[in-house]
Amino acid sequence: MDLMEYKAKELFDKYEVPTQKGIVAECPNEIKSLADTIDYPVVVKAQVQTGGRGKAGGVKFAKNEQEVVEVGKSILGMDIKGHIVKKVLIVEKAEIARELYVSIILDRLTKSPMIIFSPMGGVDIEETAKTDPDKVIKVEVDPLIGINDYTIRYLINRGGLQTDLFNKLHGLLKNLYKMFCEYDCTLVEINPLAVTPGGELIALDGKVSVDDSALSRQSDILEFRNSLDENELVLEARSFGFLYIPCEPEGKVAVMSNGSGMVMSCMDLISKEGIEVGVAFDLGGGATADRIAEAVRIVLSNEKINTLFISIFGGITRCDEVARGLKAALESREDDKMVVIRIEGTNKEKGLEVLNSISGNVIPVNSIREGVKELAARREMI
Ligand code: GDP
Ligand code: MN
(Lines give C-alpha, C1' and ligand atoms only; values in the text may rest on other atoms or scores of the structure.)
(Ligands and ions follow the chains in the order given, each with its own letter.)
Protein backbone atom coordinates (compact mmCIF):
# COMPACT_ATOMS: atom_id res chain seq x y z
CA MET A 1 0.00 0.00 0.00
CA ASP A 2 1.56 3.26 -1.15
CA LEU A 3 0.58 6.26 0.94
CA MET A 4 0.09 9.67 -0.58
CA GLU A 5 2.38 12.45 0.53
CA TYR A 6 -0.11 14.03 2.94
CA LYS A 7 -0.67 10.72 4.70
CA ALA A 8 3.08 10.02 4.79
CA LYS A 9 3.58 13.44 6.37
CA GLU A 10 0.93 12.74 8.98
CA LEU A 11 3.09 9.80 10.04
CA PHE A 12 6.21 11.99 9.92
CA ASP A 13 4.51 14.44 12.30
CA LYS A 14 3.64 11.62 14.65
CA TYR A 15 7.30 10.54 14.75
CA GLU A 16 8.68 14.08 14.95
CA VAL A 17 10.27 13.99 11.52
CA PRO A 18 10.11 17.71 10.65
CA THR A 19 7.72 18.75 7.87
CA GLN A 20 6.15 22.07 6.85
CA LYS A 21 2.78 23.18 8.14
CA GLY A 22 0.11 22.37 5.58
CA ILE A 23 -3.51 21.82 4.64
CA VAL A 24 -5.26 19.31 2.40
CA ALA A 25 -8.11 20.35 0.10
CA GLU A 26 -10.36 18.67 -2.44
CA CYS A 27 -11.90 21.64 -4.27
CA PRO A 28 -11.21 25.34 -4.94
CA ASN A 29 -13.85 26.42 -2.40
CA GLU A 30 -12.14 24.44 0.28
CA ILE A 31 -8.83 26.06 -0.63
CA LYS A 32 -10.50 29.48 -0.42
CA SER A 33 -11.93 28.79 3.02
CA LEU A 34 -8.59 27.58 4.37
CA ALA A 35 -6.38 30.06 2.52
CA ASP A 36 -5.95 32.40 5.51
CA THR A 37 -4.84 29.65 7.89
CA ILE A 38 -1.40 29.38 6.32
CA ASP A 39 1.60 31.68 5.74
CA TYR A 40 2.73 32.67 2.24
CA PRO A 41 4.46 31.86 -0.07
CA VAL A 42 3.19 28.27 -0.31
CA VAL A 43 3.72 25.17 -2.43
CA VAL A 44 0.64 23.50 -3.93
CA LYS A 45 1.16 19.80 -4.53
CA ALA A 46 -0.93 17.19 -6.34
CA GLN A 47 -1.71 14.19 -4.14
CA VAL A 48 -1.39 11.06 -6.25
CA GLN A 49 0.15 7.66 -5.64
CA THR A 50 3.01 8.25 -8.05
CA GLY A 51 6.27 10.21 -8.10
CA GLY A 52 7.67 12.77 -10.55
CA ARG A 53 4.85 15.22 -9.90
CA GLY A 54 7.20 18.20 -10.11
CA LYS A 55 8.17 17.43 -13.70
CA ALA A 56 4.54 16.74 -14.63
CA GLY A 57 3.40 20.19 -13.39
CA GLY A 58 1.85 18.87 -10.19
CA VAL A 59 4.01 21.00 -7.84
CA LYS A 60 3.57 24.79 -8.09
CA PHE A 61 4.22 27.84 -5.95
CA ALA A 62 1.75 30.55 -4.91
CA LYS A 63 2.47 33.93 -3.33
CA ASN A 64 -0.89 34.86 -1.81
CA GLU A 65 -4.49 33.85 -1.11
CA GLN A 66 -5.72 34.69 -4.62
CA GLU A 67 -2.92 32.86 -6.34
CA VAL A 68 -3.28 29.72 -4.25
CA VAL A 69 -6.89 29.24 -5.39
CA GLU A 70 -5.90 29.70 -9.05
CA VAL A 71 -2.97 27.33 -8.79
CA GLY A 72 -5.06 24.80 -6.85
CA LYS A 73 -7.72 24.92 -9.59
CA SER A 74 -5.13 24.20 -12.25
CA ILE A 75 -3.76 21.16 -10.38
CA LEU A 76 -7.04 19.58 -9.20
CA GLY A 77 -8.33 17.23 -11.90
CA MET A 78 -4.94 17.03 -13.59
CA ASP A 79 -3.93 13.63 -15.01
CA ILE A 80 -0.49 12.61 -13.74
CA LYS A 81 0.66 9.32 -15.30
CA GLY A 82 -2.92 8.06 -15.33
CA HIS A 83 -3.72 9.27 -11.80
CA ILE A 84 -6.41 11.95 -11.56
CA VAL A 85 -5.66 14.56 -8.88
CA LYS A 86 -8.51 14.64 -6.34
CA LYS A 87 -6.63 16.34 -3.51
CA VAL A 88 -3.92 18.95 -3.14
CA LEU A 89 -1.57 19.47 -0.24
CA ILE A 90 -0.68 23.11 0.39
CA VAL A 91 2.39 23.70 2.53
CA GLU A 92 4.33 26.77 3.62
CA LYS A 93 7.23 27.09 1.21
CA ALA A 94 10.55 26.23 2.81
CA GLU A 95 13.80 27.97 1.97
CA ILE A 96 16.33 25.52 0.71
CA ALA A 97 20.12 25.71 1.00
CA ARG A 98 20.68 22.15 -0.08
CA GLU A 99 18.67 19.08 -1.08
CA LEU A 100 19.53 15.62 0.26
CA TYR A 101 18.03 12.21 -0.32
CA VAL A 102 17.25 9.61 2.31
CA SER A 103 15.26 6.42 2.35
CA ILE A 104 14.95 3.22 4.34
CA ILE A 105 14.00 0.13 2.38
CA LEU A 106 13.54 -3.50 3.22
CA ASP A 107 16.45 -5.01 1.32
CA ARG A 108 15.65 -8.49 0.16
CA LEU A 109 19.25 -9.35 -0.66
CA THR A 110 20.65 -8.69 2.82
CA LYS A 111 17.29 -9.47 4.44
CA SER A 112 17.56 -6.33 6.54
CA PRO A 113 16.46 -2.72 6.53
CA MET A 114 18.83 -0.58 4.53
CA ILE A 115 19.44 3.16 4.57
CA ILE A 116 20.05 4.78 1.22
CA PHE A 117 21.46 8.27 1.51
CA SER A 118 22.67 10.80 -1.02
CA PRO A 119 23.94 14.38 -0.84
CA MET A 120 22.33 14.83 -4.27
CA GLY A 121 18.64 15.08 -3.43
CA GLY A 122 15.68 16.44 -5.36
CA VAL A 123 16.58 14.46 -8.43
CA ASP A 124 15.80 10.93 -9.51
CA ILE A 125 17.89 8.63 -7.28
CA GLU A 126 18.02 5.88 -9.94
CA GLU A 127 19.57 8.43 -12.29
CA THR A 128 22.19 9.43 -9.68
CA ALA A 129 22.96 5.75 -9.07
CA LYS A 130 23.84 5.46 -12.76
CA THR A 131 25.72 8.70 -13.31
CA ASP A 132 27.29 9.15 -9.84
CA PRO A 133 27.25 5.80 -8.07
CA ASP A 134 29.64 7.15 -5.41
CA LYS A 135 26.99 9.65 -4.38
CA VAL A 136 24.50 6.94 -3.45
CA ILE A 137 25.46 5.52 -0.07
CA LYS A 138 23.93 2.33 1.26
CA VAL A 139 24.14 1.07 4.83
CA GLU A 140 22.52 -2.04 6.18
CA VAL A 141 20.81 -1.73 9.55
CA ASP A 142 21.19 -4.64 11.93
CA PRO A 143 17.67 -4.95 13.36
CA LEU A 144 19.07 -5.99 16.76
CA ILE A 145 21.20 -2.84 17.00
CA GLY A 146 19.21 -0.24 15.10
CA ILE A 147 20.71 3.07 14.05
CA ASN A 148 23.88 4.10 15.82
CA ASP A 149 26.18 7.12 15.99
CA TYR A 150 28.71 5.54 13.66
CA THR A 151 26.03 4.96 11.00
CA ILE A 152 25.30 8.68 10.91
CA ARG A 153 29.00 9.67 10.99
CA TYR A 154 29.62 7.34 8.06
CA LEU A 155 26.78 8.88 6.03
CA ILE A 156 27.99 12.40 6.76
CA ASN A 157 31.61 11.60 5.89
CA ARG A 158 30.83 9.68 2.74
CA GLY A 159 28.31 12.34 1.69
CA GLY A 160 30.88 15.10 2.19
CA LEU A 161 28.55 17.05 4.49
CA GLN A 162 29.29 19.40 7.39
CA THR A 163 29.62 17.57 10.71
CA ASP A 164 27.25 20.06 12.35
CA LEU A 165 24.40 18.19 10.65
CA PHE A 166 25.15 15.21 12.90
CA ASN A 167 22.58 15.81 15.64
CA LYS A 168 19.75 16.73 13.29
CA LEU A 169 20.37 13.79 10.97
CA HIS A 170 20.76 11.40 13.86
CA GLY A 171 17.45 12.45 15.39
CA LEU A 172 15.65 12.34 12.07
CA LEU A 173 16.92 8.93 11.02
CA LYS A 174 16.24 7.37 14.42
CA ASN A 175 12.65 8.58 14.27
CA LEU A 176 12.23 7.54 10.67
CA TYR A 177 13.60 4.09 11.46
CA LYS A 178 11.23 3.73 14.40
CA MET A 179 8.34 4.60 12.11
CA PHE A 180 9.63 2.17 9.44
CA CYS A 181 9.55 -0.69 11.98
CA GLU A 182 6.35 0.18 13.80
CA TYR A 183 4.34 0.71 10.63
CA ASP A 184 5.63 -2.45 8.88
CA CYS A 185 7.00 -0.38 6.02
CA THR A 186 8.78 -1.72 2.99
CA LEU A 187 9.88 1.81 2.07
CA VAL A 188 10.08 5.27 3.56
CA GLU A 189 11.62 7.91 1.34
CA ILE A 190 12.30 11.61 1.73
CA ASN A 191 13.32 13.30 -1.50
CA PRO A 192 14.22 16.03 -1.12
CA LEU A 193 15.28 16.25 2.48
CA ALA A 194 15.98 19.96 2.61
CA VAL A 195 18.71 21.66 4.61
CA THR A 196 17.47 25.19 5.31
CA PRO A 197 19.81 28.21 5.38
CA GLY A 198 19.53 27.99 9.19
CA GLY A 199 20.81 24.40 9.18
CA GLU A 200 17.47 22.73 9.92
CA LEU A 201 16.35 19.55 8.17
CA ILE A 202 12.84 19.40 6.66
CA ALA A 203 11.15 16.54 4.81
CA LEU A 204 9.81 18.36 1.72
CA ASP A 205 8.37 15.22 0.19
CA GLY A 206 7.40 11.86 1.62
CA LYS A 207 6.76 8.45 0.23
CA VAL A 208 5.76 5.54 2.43
CA SER A 209 4.85 1.98 1.42
CA VAL A 210 3.31 -0.28 4.04
CA ASP A 211 3.49 -4.05 3.63
CA ASP A 212 0.04 -5.22 2.49
CA SER A 213 0.40 -8.42 4.49
CA ALA A 214 0.67 -6.35 7.68
CA LEU A 215 -2.40 -4.18 7.09
CA SER A 216 -4.49 -6.28 9.46
CA ARG A 217 -2.50 -4.81 12.36
CA GLN A 218 -2.23 -1.29 10.92
CA SER A 219 -5.76 -0.11 11.45
CA ASP A 220 -5.20 3.56 10.55
CA ILE A 221 -3.55 2.60 7.25
CA LEU A 222 -6.41 0.23 6.51
CA GLU A 223 -8.84 3.06 7.17
CA PHE A 224 -6.86 5.31 4.82
CA ARG A 225 -6.97 2.67 2.09
CA ASN A 226 -10.71 2.25 2.46
CA SER A 227 -11.20 6.01 2.31
CA LEU A 228 -9.54 6.08 -1.15
CA ASP A 229 -11.86 3.57 -2.79
CA GLU A 230 -15.32 4.87 -3.50
CA ASN A 231 -16.47 1.70 -5.18
CA GLU A 232 -18.72 0.01 -2.62
CA LEU A 233 -18.49 -3.40 -4.25
CA VAL A 234 -14.68 -3.29 -3.98
CA LEU A 235 -15.02 -2.53 -0.29
CA GLU A 236 -17.66 -5.16 0.31
CA ALA A 237 -15.59 -7.81 -1.47
CA ARG A 238 -12.57 -6.77 0.59
CA SER A 239 -14.51 -7.21 3.81
CA PHE A 240 -14.83 -10.91 2.90
CA GLY A 241 -11.17 -11.15 1.88
CA PHE A 242 -11.95 -11.19 -1.88
CA LEU A 243 -10.27 -9.08 -4.51
CA TYR A 244 -12.73 -7.21 -6.76
CA ILE A 245 -11.03 -5.29 -9.55
CA PRO A 246 -13.12 -3.03 -11.81
CA CYS A 247 -11.80 -3.38 -15.39
CA GLU A 248 -13.37 -2.14 -18.66
CA PRO A 249 -16.11 0.39 -17.80
CA GLU A 250 -18.42 -1.01 -20.52
CA GLY A 251 -17.56 -4.68 -19.93
CA LYS A 252 -20.55 -6.88 -19.09
CA VAL A 253 -18.65 -10.06 -18.22
CA ALA A 254 -17.21 -10.74 -14.77
CA VAL A 255 -14.42 -13.28 -14.40
CA MET A 256 -14.22 -15.16 -11.11
CA SER A 257 -11.53 -17.60 -10.14
CA ASN A 258 -9.47 -18.91 -7.24
CA GLY A 259 -6.07 -17.40 -7.97
CA SER A 260 -4.95 -14.26 -9.75
CA GLY A 261 -3.01 -16.18 -12.42
CA MET A 262 -6.11 -18.04 -13.53
CA VAL A 263 -8.18 -14.85 -13.42
CA MET A 264 -5.69 -13.27 -15.82
CA SER A 265 -5.54 -16.31 -18.14
CA CYS A 266 -9.33 -16.27 -18.43
CA MET A 267 -9.35 -12.53 -19.07
CA ASP A 268 -6.72 -12.88 -21.80
CA LEU A 269 -8.68 -15.57 -23.63
CA ILE A 270 -11.97 -13.71 -23.32
CA SER A 271 -10.43 -10.41 -24.47
CA LYS A 272 -8.91 -12.22 -27.46
CA GLU A 273 -12.47 -12.94 -28.58
CA GLY A 274 -13.13 -9.21 -28.50
CA ILE A 275 -15.36 -9.47 -25.43
CA GLU A 276 -14.74 -6.85 -22.73
CA VAL A 277 -14.29 -7.91 -19.12
CA GLY A 278 -15.95 -5.55 -16.64
CA VAL A 279 -14.82 -7.10 -13.37
CA ALA A 280 -12.03 -9.43 -12.30
CA PHE A 281 -12.73 -11.27 -9.07
CA ASP A 282 -10.22 -13.35 -7.14
CA LEU A 283 -11.71 -15.66 -4.51
CA GLY A 284 -8.34 -16.61 -3.02
CA GLY A 285 -7.95 -20.08 -1.54
CA GLY A 286 -10.22 -22.44 0.36
CA ALA A 287 -13.61 -21.02 -0.61
CA THR A 288 -16.65 -22.58 1.10
CA ALA A 289 -20.22 -22.62 -0.23
CA ASP A 290 -21.14 -19.64 1.96
CA ARG A 291 -18.24 -17.58 0.70
CA ILE A 292 -18.91 -18.46 -2.95
CA ALA A 293 -22.53 -17.44 -2.48
CA GLU A 294 -21.41 -14.05 -1.10
CA ALA A 295 -18.92 -13.61 -3.94
CA VAL A 296 -21.50 -14.35 -6.63
CA ARG A 297 -24.02 -12.07 -4.92
CA ILE A 298 -21.48 -9.20 -4.80
CA VAL A 299 -20.44 -9.52 -8.45
CA LEU A 300 -23.95 -9.92 -9.82
CA SER A 301 -25.25 -7.00 -7.80
CA ASN A 302 -23.27 -4.86 -10.25
CA GLU A 303 -26.05 -3.96 -12.67
CA LYS A 304 -23.67 -3.67 -15.61
CA ILE A 305 -22.59 -7.29 -15.28
CA ASN A 306 -24.91 -9.72 -17.08
CA THR A 307 -22.57 -12.69 -17.49
CA LEU A 308 -20.37 -14.50 -15.01
CA PHE A 309 -17.43 -16.61 -16.13
CA ILE A 310 -16.16 -18.89 -13.36
CA SER A 311 -13.08 -21.09 -13.46
CA ILE A 312 -12.22 -23.07 -10.33
CA PHE A 313 -9.41 -25.44 -9.74
CA GLY A 314 -10.39 -27.53 -6.74
CA GLY A 315 -7.50 -28.41 -4.50
CA ILE A 316 -8.37 -27.39 -1.00
CA THR A 317 -11.40 -25.72 -2.53
CA ARG A 318 -13.97 -28.43 -3.26
CA CYS A 319 -15.93 -28.24 -6.52
CA ASP A 320 -19.20 -29.34 -4.90
CA GLU A 321 -18.88 -26.53 -2.35
CA VAL A 322 -18.44 -24.06 -5.19
CA ALA A 323 -21.44 -25.46 -7.04
CA ARG A 324 -23.63 -25.33 -3.94
CA GLY A 325 -22.58 -21.75 -3.28
CA LEU A 326 -23.41 -20.77 -6.85
CA LYS A 327 -26.76 -22.54 -6.64
CA ALA A 328 -27.70 -20.74 -3.43
CA ALA A 329 -26.72 -17.36 -4.88
CA LEU A 330 -28.51 -17.84 -8.21
CA GLU A 331 -31.69 -19.23 -6.74
CA SER A 332 -32.06 -16.21 -4.48
CA ARG A 333 -31.99 -13.88 -7.51
CA GLU A 334 -34.88 -12.70 -9.63
CA ASP A 335 -32.90 -12.03 -12.80
CA ASP A 336 -31.45 -14.75 -14.99
CA LYS A 337 -27.86 -13.74 -15.64
CA MET A 338 -25.78 -16.20 -17.66
CA VAL A 339 -23.08 -18.20 -15.86
CA VAL A 340 -20.39 -20.15 -17.68
CA ILE A 341 -18.55 -22.34 -15.20
CA ARG A 342 -15.60 -24.67 -15.38
CA ILE A 343 -14.78 -26.74 -12.32
CA GLU A 344 -11.86 -29.13 -12.14
CA GLY A 345 -10.30 -31.14 -9.33
CA THR A 346 -11.55 -32.27 -5.93
CA ASN A 347 -15.18 -33.52 -5.99
CA LYS A 348 -15.74 -32.46 -9.61
CA GLU A 349 -18.43 -35.11 -10.26
CA LYS A 350 -20.43 -34.11 -7.20
CA GLY A 351 -20.07 -30.50 -8.26
CA LEU A 352 -21.40 -31.20 -11.75
CA GLU A 353 -24.45 -32.91 -10.26
CA VAL A 354 -25.22 -29.78 -8.28
CA LEU A 355 -24.62 -27.53 -11.30
CA ASN A 356 -27.06 -29.61 -13.38
CA SER A 357 -29.71 -29.18 -10.71
CA ILE A 358 -29.61 -25.37 -10.86
CA SER A 359 -32.67 -23.95 -12.54
CA GLY A 360 -30.96 -20.82 -13.87
CA ASN A 361 -29.00 -20.10 -17.04
CA VAL A 362 -25.86 -22.11 -16.14
CA ILE A 363 -23.48 -23.57 -18.71
CA PRO A 364 -20.98 -26.08 -17.24
CA VAL A 365 -17.86 -26.58 -19.36
CA ASN A 366 -14.78 -28.79 -19.13
CA SER A 367 -12.04 -26.28 -19.79
CA ILE A 368 -11.37 -22.57 -19.88
CA ARG A 369 -11.07 -22.67 -23.67
CA GLU A 370 -14.38 -24.45 -24.02
CA GLY A 371 -15.94 -21.87 -21.72
CA VAL A 372 -14.60 -19.01 -23.82
CA LYS A 373 -15.98 -20.71 -26.94
CA GLU A 374 -19.43 -20.97 -25.34
CA LEU A 375 -19.19 -17.33 -24.33
CA ALA A 376 -18.20 -16.25 -27.83
CA ALA A 377 -21.08 -18.26 -29.34
CA ARG A 378 -23.48 -16.23 -27.17
CA ARG A 379 -21.84 -12.85 -27.64
CA GLU A 380 -25.11 -11.31 -28.85
CA MET A 381 -26.68 -12.05 -25.48
CA ILE A 382 -23.89 -10.35 -23.58
P1 GDP B 1 7.97 15.08 -6.77
O2 GDP B 1 8.33 15.75 -8.04
O3 GDP B 1 6.72 14.27 -6.93
O4 GDP B 1 9.08 14.29 -6.19
O5 GDP B 1 7.58 16.25 -5.74
P6 GDP B 1 8.46 17.02 -4.62
O7 GDP B 1 7.62 17.21 -3.44
O8 GDP B 1 9.75 16.34 -4.39
O9 GDP B 1 8.70 18.45 -5.26
C10 GDP B 1 9.46 18.63 -6.44
C11 GDP B 1 10.47 19.73 -6.26
O12 GDP B 1 9.83 20.94 -5.91
C13 GDP B 1 11.46 19.47 -5.13
O14 GDP B 1 12.56 18.68 -5.55
C15 GDP B 1 11.89 20.88 -4.76
O16 GDP B 1 12.96 21.30 -5.57
C17 GDP B 1 10.66 21.72 -5.08
N18 GDP B 1 9.98 22.02 -3.81
C19 GDP B 1 9.03 21.29 -3.19
N20 GDP B 1 8.66 21.84 -2.03
C21 GDP B 1 9.41 22.97 -1.89
C22 GDP B 1 9.51 24.01 -0.88
O23 GDP B 1 8.85 24.00 0.16
N24 GDP B 1 10.40 25.00 -1.13
C25 GDP B 1 11.17 25.05 -2.25
N26 GDP B 1 11.99 26.06 -2.38
N27 GDP B 1 11.10 24.11 -3.20
C28 GDP B 1 10.24 23.08 -3.03
MN1 MN C 1 10.12 14.22 -4.46
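Ligands are counted one by one from 1 in listed order, and the atoms in each one are counted from 1 as well. For this chain, numbers begin at 1 and follow the sequence in order.
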Next item on the list: Inspect the contact between Lys350 and Glu353 and indicate whether a charged nitrogen and a carboxylate oxygen are less than 4.0 angstrom apart.
Entry: no
Note to self: Between Lys174 and Asn148, do the side chains contain a donor N or O and an acceptor N or O under 3.5 Å apart?
What the structure shows: no
Item checked: Lys/Arg N to Asp/Glu carboxylate O, Glu10 vs Lys14, below 4.0 Å -> no
Item checked: Shortest protein heavy-atom distance from atom 27 (N) of ligand 1, along with the residue and atom involved -> Ile96 CD1, 3.4 Å
Checklist line | Within-shell test, Gln20 vs ligand 1, heavy atom, strictly < 4.0 Å | finding: yes
Check: Are the ring centres of Phe242 and Phe281 closer than 6.0 Å?
Finding: yes
Notebook entry, point to check: Counting only heavy atoms not in Lys348, do more than 12 fall under 6.0 Å of its NZ?
Noted result: yes
Note to self: Quick test: of every protein heavy atom, which one is nearest to atom 26 (N) of ligand 1, and how far off is it to 0.1 Å?
What the structure shows: Ala94 O, 3.2 Å
Check: Does an N or O from Gly54, backbone or side chain, lie closer than 3.5 Å to an N or O of ligand 1?
Finding: yes
Next item on the list: Identify the protein heavy atom lying closest to atom 4 (O) of ligand 1, giving its residue, its atom name and the separation to 0.1 Å.
Entry: Asp205 OD2, 3.1 Å
Check: Is the closest basic N to carboxylate O distance between Arg297 and Glu294 below 4.0 Å?
Finding: yes
Item checked: Enumerated ligand 1 atoms positioned under 4.0 Å from heavy atoms of Asn191 -> 8 (O)
Checklist line | Lys/Arg-Asp/Glu bridge criterion (N-O < 4.0 Å) met for Arg217, Asp184 | finding: yes
Notebook entry, point to check: Can a cation-pi geometry be assigned to Lys93 and Phe61, taking NZ or CZ under 6.0 Å from the six-membered ring centre and within 45° of the ring axis?
Noted result: yes
Notebook entry, point to check: Does Asp205 pair with Arg53 as a salt bridge, N-O distance under 4.0 Å?
Noted result: yes
Check: Would you say Val91 has any N or O atom under 3.5 Å from an N or O of ligand 1, going by distance alone?
Finding: no
Check: Considering only protein heavy atoms, which is closest to atom 20 (N) of ligand 1, and at what distance to one decimal place?
Finding: Leu204 CD1, 3.8 Å
Item checked: Arg324/Glu321 salt bridge by N-O under 4.0 Å criterion -> yes
Notebook entry, point to check: To the nearest 10°, what's the angle at the Mn ion (ligand 2) between atoms OD2 (Asp205) and O (Asn191)?
Noted result: 100°
Next item on the list: May I ask you to check if ligand 1 and Lys45 share an N or O to N or O distance below 3.5 Å?
Entry: yes
Next item on the list: Please write down residue, atom name and distance for the protein heavy atom closest to atom 17 (C) of ligand 1.
Entry: Phe61 CZ, 4.5 Å
Note to self: Can you confirm, on distance only, whether ligand 1 has an N/O atom lying under 3.5 Å from any N/O atom belonging to Thr50?
What the structure shows: no
Note to self: Looking at atom 11 (C) of ligand 1, tell me if a protein heavy atom falls under 4.0 Å from it.
What the structure shows: no
Note to self: If you take the nearest heavy atom of each of Glu95, Glu99, Arg53, which one is closest to atom 15 (C) of ligand 1?
What the structure shows: Glu99
Item checked: Proximal atoms of ligand 1 relative to Pro192 (non-hydrogen, under 4.0 Å) -> 8 (O), 13 (C), 14 (O)
